[in-house]
Amino acid sequence: NLRIFKDAMFTSATLIAFVLFAMLMASTFLLRVFAQESLGYTATLAGIVLLPRTLAMIVVSPIVGRLYNRVQPAIFCAIGILFFSIGSWQLSYITLETSSRDLVMPLVMTGIGFACLMIPLNTAALSKIARHQMADAAGLNSFMRQIGGSIGLSIFATMFTNYAVEANHGLVAHVTALRPEVASRVAMTHAALVAHGFDPVAAGHATTASLFGTAYRQAVAISFDRIFLLQGL
């Protein structure tokens with residue numbers, strides 16, 4: 001029943017929820033990928049790393065529910081957007097040396113942001129809907145959230161891949177034997193491989209692969225940073 005979108009409160013709350021779930025699904029997916037692929041965590045540990053966000057939502061959601069009738073939904077939404085933006089900005093500084101402790105505060109910030117947004121958006125969306133249209137409105141609101149999550153995941157996963165390729169091209173252009181630090185790294189790696197039984201030719205190929213593999217891992221980290229910064233914006 002698309003006529004429900006004539007209600008301005010329902011439309012605005014549903015659109016914000018659409019974007020909210022796009023950010024939630026995309027950031028959850030990307031953080032798991034970063035933890036497993038870049039930091040080398042197991043799937044279980046990657047899930048545990050994301051636990052602070054869930055705990056923050058569990059703690060803050062009942063508080064938001066109690067205060068909802070005393071505070072305007074717009075204020076909760078503003079606070080939620082602010083916390084999510086700050087948390088995403090903090091995540092845009094992750095590197096390959098980032099530890100699980102470094103992720104706790106950004107995840108808590110985004111968890112508080114999501115908690116401040118979900119309950120007010122649910123309630124506000126249905127606040128002015130006629131009783132006989134309530135089932136249609138609730139279903140449409142839920143449908144838009146799920147679509148938002150799917151679209152957000154697809155868009156940000158594609159952008160992540162494109163950003164990684166772009167960053168890799170930028171980094172590789174500076175990996176040249178004319179740079180002293182690169183030549184030193186190549187010589188050290190080559191000597192270490194030969195000392196471990198590689199023949200000189202195989203050691204040369206392995207050294208090159210290692211060098212460009214390192215550059216690509218850095219490119220992936222840069223891609224994550226750009227994605228999280230974009231989410232914050």
Side-chain angles (χ1 to χ4, degrees), residues 15-41 43 45-54 56-57 77-114 116-117 145 147-176 179 181-182 185 209-233:
L15 288 177
I16 296 174
F18 180 92
V19 177
L20 170 67
F21 270 72
M23 300 296 107
L24 176 61
M25 293 297 293
S27 62
T28 300
F29 166 75
L30 290 172
L31 281 169
R32 285 180 178 272
V33 172
F34 177 76
Q36 291 182 243
E37 299 296 329
S38 297
L39 302 183
Y41 293 170
L45 187 55
I48 294 174
V49 166
L50 295 178
L51 197 56
R53 173 184 285 174
T54 305
M57 294 174 69
C77 289
I79 294 172
I81 291 171
L82 180 63
F83 269 88
F84 177 76
S85 297
I86 293 174
S88 297
W89 173 73
Q90 291 175 331
L91 286 171
S92 72
Y93 284 93
I94 57 177
T95 68
L96 296 179
E97 285 72 44
T98 295
S99 67
S100 56
R101 289 185 178 183
D102 297 326
L103 295 174
V104 171
M105 185 53 65
L107 289 174
V108 168
M109 295 288 285
T110 55
I112 293 173
F114 284 129
C116 289
L117 283 163
R145 290 168 182 258
I147 292 296
S150 299
I151 291 177
L153 184 58
S154 300
I155 291 175
F156 281 101
T158 302
M159 293 178 68
F160 162 71
T161 303
N162 293 338
Y163 284 162
V165 172
E166 181 182 332
N168 188 55
H169 286 321
L171 291 176
V172 167
H174 297 280
V175 181
T176 168
R179 298 176 67 116
E181 62 272 23
V182 175
R185 173 73 175 269
S210 173
L211 194 63
F212 286 104
T214 300
Y216 182 73
R217 290 182 66 226
Q218 293 289 351
V220 168
I222 292 173
S223 178
F224 278 117
D225 290 344
R226 292 184 66 180
I227 287 293
F228 288 123
L229 182 59
L230 181 61
Q231 286 194 348
L233 292 174

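Numbering of residues begins at 1 and proceeds along the displayed sequence.
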- prompt: Do the non-hydrogen side-chain atoms of L30 and F34 ever get within less than 4.5 Å of each other?
  reply: no

- prompt: Is any side-chain heavy atom of Q90 closer than 4.5 Å to a side-chain heavy atom of F228?
  reply: no

Output side-chain donor-acceptor pairs under 3.5 Å for residues 15-23, partner residues at least two apart or in another chain, one line each.
none

- prompt: So does Y216 have more than 12 non-hydrogen atoms from other groups sitting under 6.0 Å from OH?
  reply: no

- request: Decide yes or no on side-chain contact (heavy atoms from CB on, under 4.5 Å) for I222 and L171, but give the supporting numbers first.
  value: CA-CA 10 Å; I222 292 173; L171 291 176; 4.1 Å; yes

task: Could you pull out the closest heavy-atom pair between G87 and P106, with the gap in Å?
output: O-CB, 3.7 Å

- request: Could you tell me how the ring of F160 sits relative to the ring of F224: parallel (under 30°), tilted (30 to 60°) or perpendicular (over 60°)?
  value: tilted

message: Ring-plane angle category for W89 and Y93, please: parallel below 30°, perpendicular beyond 60°, tilted otherwise.
response: perpendicular

- request: Locate the shortest heavy-atom distance separating G80 from C116; write the atom from each residue and the value.
  value: CA-CB, 3.7 Å

message: Let me confirm one number: the OH-CD distance from Y41 to Q36, rounded to the nearest 0.5 Å.
response: 11.5 Å

message: Working to the nearest 0.5 angstrom, can you tell me the gap between I112 CD1 and L117 CG?
response: 12.0 Å

- prompt: Going through the checks in order, is the side-chain contact (heavy atoms from CB on, under 4.5 Å) test met by E166 and R226?
  reply: CA-CA 11 Å; E166 181 182 332; R226 292 184 66 180; 3.4 Å; yes

message: Using side-chain heavy atoms (C-beta onward) and a distance below 4.5 Å, is L31 in contact with L107?
response: yes

message: What I want to find out is whether R32 reaches E37 closely enough, with some N-O distance under 4.0 Å, to be called a salt bridge.
response: no

field: 4.5 Å side-chain heavy-atom contact, L229 and S88
entry: no

Solution key, residues 45-54 side-chain donor-acceptor pairs under 3.5 Å, sequence neighbours excluded:
residue, atom, partner, partner atom, Å
R53, NE, T110, OG1, 3.1
R53, NH1, S27, OG, 3.2
R53, NH1, T28, OG1, 3.3
R53, NH2, T110, OG1, 3.3

query: Do L91 and Q231 come close enough that some side-chain heavy atom pair is under 4.5 Å?
result: no

Validation: residues 147-159 side-chain donor-acceptor distances under 3.5 Å, sequence neighbours left out:
residue, atom, partner, partner atom, Å
S150, OG, Q146, O, 3.2
S154, OG, S150, O, 3.0
T158, OG1, S154, O, 2.9

- request: Could you check if a side-chain atom of Y163 sits within less than 4.5 angstrom of a side-chain atom of L230, using non-hydrogen atoms only?
  value: yes

message: Any heavy-atom pair between the side chains of V220 and L96 that's under 4.5 Å?
response: no

